[in-house]
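Reading through the structure tokens given below for one structure.
Bear in mind the structure is a predicted one, so any value in this text is a computation, not a measurement. Proteins come first, then strands; the chains are lettered A, B, ... in the order of their sequence lines, and each starts at number 1.
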Amino acid sequence: MSWFEKLHETFIATGHYKLILGGFKNTIIITLGALLIGVVIGSVIAIAKYFSEGVPSMKIVEVICDVYVTVIRGIPVVVLLLIFYFIVMTGADGIPVAILTFGINSGAYMAEVVRSGINAVDKGQMEAGRSLGMSKMQAMRKIVFPQAIRNILPAIGNEMIALLKETSVAGYVAVVDLTRAGNLVRNNTFDAINPLMLVALVYLILVVGLTRLLKVFERKLARSDKRN
Amino acid sequence: MKTAKEKLITVTGLEKQFGGVPVLCGIDVEIDRGDVICVIGPSGSGKSTFLRCLNLLEKPNGGSIVFEGDELTDKKTDVNRHRQKMGMVFQQFNLFPHMTVLENLTCAPVMLKKFTKDEAEEKAMTLLARVGLADRAASYPNQLSGGQKQRVAIVRALCMEPDVMLFDEPTSALDPEMVGEVLDVMKELAESGMTMVVVTHEMGFAREVSNRVIFLDEGVIAEEGTPAEVFGDPKSERLKSFLSKVL
């Protein structure tokens, strides 16, 4: 049997391509959903920390943020996933659980990334905004935060790539993601090489694509840095 | 061409420490509408700190600042509202690098609902034309020279229609050949009747444009008076030695 016949048998004749496609779709959904949650949580935590630093009455906010980051970063994401699926959200579908878990996990890393981005913006920017009469929050939203995001875009891209690959453990909680789909095909067809290589190739292409996309984005945002 | 004197800012007993180190040790100043006051002094004398206390970018540790009848150091005072009336120009320009020149100018007035977008843009363009930068409205700050940046920064503050302009060493970060263009704008502004407090090392500007010069040394006002008095007939030894070094 030639390689093409083998491919045909493993993926097409047995209808397994649908499984792979479904898994691909789930991986994308989980990654994008988690990324969104991660960026929001990360930004909220970073900004909350920025505002609470050195303000005695806001000490509690600072403590909550620190505990969140410490706890989440200290637990493997698979364990977190199992805890959410079997203890916190019992009865919920695997996909929402996965989105939330990966999002919460990513948020802890994102918080540090966003915070470093905010700290890298010159202090004069906040002062200039305040001197025009903006509140701290207005100056943050309109002046500091957009610049912070630009600073950390490469780091967010890295986090996105890490997140995409991390979602491959979603199979632990009955989600058929790309990895699980490939493994199921392997199991059903007794063909290990082709399904697993395909899965690996798809991840690789996604990561390369993301990297490219990010470069384009960065160039667009760097427009204002260019001189005549 | 001042008519009846109208008090704009009254500073009494202003004190500021940084980590226990005293920087300002009881400053008393009265600023009338239309005054152009230059603050001079050796580095570390507290000039910039004094200026930054006026709009509460630094929180004073003691004393009072009354601006247009309101006590700024009072916790109940809405500082943001008062800051709209106090334009500030920084040594390092602090333009917003992610916005075009026009967006830099209209961002605050529109956000704070002082003007509609159209009004703000019209006003910004008029002011830009006055400082000779109308053709740079669509540029980004990084495409401008230092002198152009600082002129834009002055216009940005003016777009809020402030009652007083605070200048924190506006020409210190500029290449020498660009100092003139910024001082010209400031001079024109002073002639238009704007109240100005200028921390500067430009003694020529202080002598020519200001109506009062304050010499700060070690956190206190060591001497003050008209430019003629301060530059022509310095009383204290400290001022004499300072002037001998900078003139």
**Message:** Checking A:Ser168 against A:Tyr203 for the side chain to side chain donor-acceptor pair (under 3.5 Å) test, could you report, in this order, the C-alpha distance in whole Å, the side-chain angles of both residues, the deciding distance, and whether it holds?
**Reply:** CA-CA 10 Å; A:Ser168 60; A:Tyr203 279 113; 4.7 Å; no
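Note on B:Lys85 versus B:Glu68: no salt bridge recorded, every NZ/NE/NH1/NH2 to OD/OE distance being 4.0 Å or above.
Looking only at distances, a side-chain donor or acceptor of B:Asn104 sits under 3.5 Å from a matching main-chain atom of B:Met99. Under a 3.5 Å cut-off, the side chain of B:Asp35 and the backbone N or O of B:Asp32 do form a donor-acceptor pair.
Proximity to chain A involves both the backbone and the side chain of B:Phe96, based on heavy atoms less than 4.5 angstrom apart.
The candidate from B:Arg81, B:Met86, B:Met88, B:Met111 with the greatest count of non-hydrogen atom pairs under 4.5 Å with chain A is B:Met111. With chain A as the partner, the residue from B:Asn55, B:Leu56, B:Leu95 showing the most heavy-atom pairs under 4.5 Å is B:Leu95. Heavy-atom pairs under 4.5 Å with chain A were tallied for B:Gln92, B:Met160, B:Arg156; the largest tally goes to B:Arg156.
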